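None of these values were measured; they are calculated from a predicted model.
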Amino acid sequence: MKKNAIVGQSGGPTAVINASLYGVVYEALNREDVIGTIYGMINGIEGFLNENMMDMKPLEVNGELELIKTTPGSYLGSCRYKLPEDLTDAVYPQLFEKFEKYNIGYFFYIGGNDSMDTVSKLSRYAETVNSEIRFIGIPKTIDNDLVLTDHTPGFGSAAKYVASTVREIAIDASVYDNKKSVTIVEIMGRHAGWLAAASVLARKFEGDNPVLIYLPEVAFDQEQFLADVQKAFEHTSNLVVCISEGINDGNGKFVCELASDVGVDTFGHKMLTGSGKYLENLVKDRLGVKVRSIELNVNQRCSSAMLSATDEKEAIASGSFGVQTALKGTTGMMIAFHRTDDADYHITYAPEDVNLICNQEKTVPLDWITGNGSDIGQQFIDYALPLIQGSVKVPEEGGLPRFAYRKCNCSEPSKIS
């Protein structure tokens with residue numbers, strides 16, 4: 001008897017999270033010999049608990065599936081629902097009863113670290129009850145902080161956006177070259193500075209902006225920062241400084257916490273914002289020069305205008321490979337990217353134990369951070385450049401990008417009976 005498949009998305013969106021969804025759905029629809037219905041869970045595992053799902057097959061018929069590839073955001077909606085650590089909690093048999101109700105044999109979850117934690121818990125519980133459901137994680141995060149994989153889908157496009165935007169900011173800042181100024185650009189990154197490091201790709205020559213780049217991997221010292229700015233003024237009047245939102249003092253205190261209280265999200269992570277604004281006020285008070293701060297905010301993760309062709313291609317491939325992996329009987333794995341040692345950039349895909357991935361963080365290697373913690377070296381540039389290559393043509397309608405939109409009654413779950 002055929003088994004059905006189900007796919008969901010969780011955590012913050014990326015520009016290619018729907019390309020991964022496309023890869024899963026397209027591959028599953030083309031395996032009608034072994035897979036029956038392919039369901040999409042609306043708002044992740046939390047939505048599935050409420051039986052909020054949709055049949056993905058009609059999207060292939062009406063053409064929406066092709067549009068999904070270049071649609072930003074999470075087509076199926078997202079959640080930040082944390083499954084209990086205790087596998088004897090009542091939610092697990094509840095979930096597996098629903099899996100049985102819908103004849104689910106294959107479960108695919110597209111997300112980052114916390115999503116891989118969900119895959120880990122579900123696969124471990126499945127083992128305790130001798131379930132044959134195959135659980136596979138499809139990586140996604142602009143933070144690029146998942147271990148056992150060279151990089152993650154979403155990072156390449158976000159890095160391209162950051163580099164392009166910082167380049168535009170630098171040009172804007174340079175128009176008044178007769179007066180000293182500082183522009184501070186705050187970029188996403190709590191504990192790992194991969195995305196802020198991508199701002200180095202905006203440089204066109206040695207000494208070009210951004211002159212200073214600070215990541216959370218190195219302890220941030222306010223006095224040293226002010227000294228760095230003063231020294232940089234000796235050769236650049238209009239400084240652009242890029243920082244990760246998570247820059248900290250090395251003892252667990254974030255710079256943004258110096259300005260105000262910081263809340264936490266569902267997973268207990270501090271909600272960081274305001275590091276750039278804090279440094280703006282610091283420079284204004286201590287150095288007395290023109291200064292402004294810019295927070296790139298959600299644009300860096302949701303923009304489809306600067307999609308990396310490499311990123312989109314790999315996202316689709318990882319989703320497709322995830323289905324192939326599950327059909328081989330594999331479970332409790334995440335699809336990882338392995339970079340070969342060839343002279344030309346090349347990636348292979350392989351399943352890695354999700355239990356070794358979840359709740360871990362891959363940070364930027366310290367030897368890739370230079371300038372006593374205020375710059376990024378050539379090793380990062382060589383690593384990141386292949387990931388931002390190529391442009392993607394986004395379909396247009398009326399002069400604007402054409403996206404896929406999930407039609408639903410938002411006031412009531414779309415239950416499938």
Side-chain angles (χ1 to χ4, degrees), residues 1-10 14-42 44 48 53-71 74-77 99 102-111 115 119 123 132-140 153-154 307 309-338 346-352 390 392-395 402-407 414 416:
M1 178 182 176
K2 290 182 184 179
K3 289 289 186 178
N4 299 327
I6 191 164
V7 59
Q9 299 169 307
S10 182
T14 77
V16 298
I17 189 173
N18 292 322
S20 297
L21 176 64
Y22 171 90
V24 170
V25 174
Y26 183 85
E27 186 71 23
L29 289 175
N30 280 276
R31 293 307 308 268
E32 292 181 340
D33 55 324
V34 288
I35 296 178
T37 302
I38 170 72
Y39 293 115
M41 55 184 107
I42 309 301
F48 178 72
M53 305 151 57
M54 65 180 289
D55 185 347
M56 303 298 286
K57 175 68 175 178
L59 299 180
E60 183 182 48
V61 177
N62 64 22
E64 287 279 290
L65 189 59
E66 283 298 315
L67 290 179
I68 280 178
K69 287 190 290 187
T70 52
T71 295
S74 297
Y75 179 82
L76 292 173
F99 289 146
Y102 292 103
N103 191 32
I104 303 299
Y106 311 99
F107 178 102
F108 305 98
Y109 215 37
I110 306 168
S115 302
V119 174
S123 61
E132 295 184 353
I133 302 174
R134 305 305 174 193
F135 295 91
I136 299 293
I138 311 298
K140 172 275 329 173
L307 270 173
T310 298
D311 200 19
E312 185 199 47
K313 175 185 175 183
E314 293 177 347
I316 294 171
S318 64
S320 176
F321 190 82
V323 175
Q324 297 169 24
T325 300
L327 291 178
K328 292 177 181 177
T330 302
T331 189
M333 296 286 178
M334 185 194 83
I335 305 308
F337 294 17
H338 295 165
H346 183 66
I347 286 292
T348 60
Y349 306 91
E352 294 285 356
V392 176
K393 176 64 176 177
V394 178
R402 186 175 175 222
F403 301 137
Y405 291 98
R406 173 171 51 83
K407 299 177 179 65
S414 306
I416 296 178

Can you find a side-chain donor-acceptor pair between Y22 and E66 that sits under 3.5 Å?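 A pair is found: one side chain offers a donor N or O, the other an acceptor, under 3.5 Å apart.
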Do you know the tightest heavy-atom contact between [X] and [Y]?
X: A336; Y: E352; value: CB-CG, 3.4 Å
X: Y405; Y: E64; value: N-OE1, 3.3 Å
X: S20; Y: P139; value: OG-O, 4.5 Å
X: Y109; Y: M41; value: CE1-SD, 4.2 Å

Can you tell me if [X] uses its side chain to pair, donor with acceptor, with the backbone of [Y] under 3.5 Å?
X: K57; Y: L29; answer: no
X: T14; Y: V16; answer: yes
X: D55; Y: T37; answer: no
X: S320; Y: I316; answer: no
X: R402; Y: P395; answer: no
X: T71; Y: L67; answer: yes
X: N18; Y: K69; answer: no

What distance do [X] atom [atom1] and [Y] atom [atom2] have between them, rounded to the nearest 0.5 Å?
X: F48; Y: Y102; atom1: CZ; atom2: OH; answer: 7.5 Å
X: Q324; Y: I335; atom1: CD; atom2: CD1; answer: 9.0 Å
X: Y349; Y: S318; atom1: OH; atom2: OG; answer: 6.5 Å
X: K3; Y: F99; atom1: NZ; atom2: CZ; answer: 12.0 Å
X: S115; Y: Q9; atom1: OG; atom2: CD; answer: 10.0 Å
X: I68; Y: L76; atom1: CD1; atom2: CG; answer: 7.0 Å

Should [X] and [Y] count as side-chain neighbours, where that means a heavy-atom distance under 4.5 Å?
X: Y75; Y: L59; result: yes
X: M53; Y: I42; result: no
X: V323; Y: I35; result: yes
X: R134; Y: T330; result: no
X: F321; Y: P351; result: yes
X: M334; Y: F135; result: no
X: V25; Y: E60; result: no
X: K2; Y: D33; result: no

Would one find more than 12 heavy atoms of other residues, nucleotides or ligands at under 6.0 Å from atom CZ of F337?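 Yes - once you tally the heavy atoms of other residues, nucleotides and ligands closer than 6.0 Å, there are more than 12.
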For side-chain contact (heavy atoms from CB on, under 4.5 Å), just list the numbers for V7 and I110, CA-CA rounded to whole Å, side-chain angles, deciding distance to a tenth of an Å, and then say yes or no. CA-CA 8 Å; V7 59; I110 306 168; 4.0 Å; yes
Walk me through it: do V392 and T70 pass the test side-chain contact (heavy atoms from CB on, under 4.5 Å)? CA-CA 8 Å; V392 176; T70 52; 3.6 Å; yes
Is any side-chain N of the basic residue among K313 and D311 closer than 4.0 Å to the acidic one's carboxylate O?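 Looking at K313 and D311, the cut-off is not met.
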Checking Y106 against N4 for the side-chain contact (heavy atoms from CB on, under 4.5 Å) test, could you report, in this order, the C-alpha distance in whole Å, the side-chain angles of both residues, the deciding distance, and whether it holds? CA-CA 7 Å; Y106 311 99; N4 299 327; over 6 Å; no
Dump the intermediate steps for side-chain contact (heavy atoms from CB on, under 4.5 Å) on I347 and H338, then the final yes or no. CA-CA 5 Å; I347 286 292; H338 295 165; over 6 Å; no
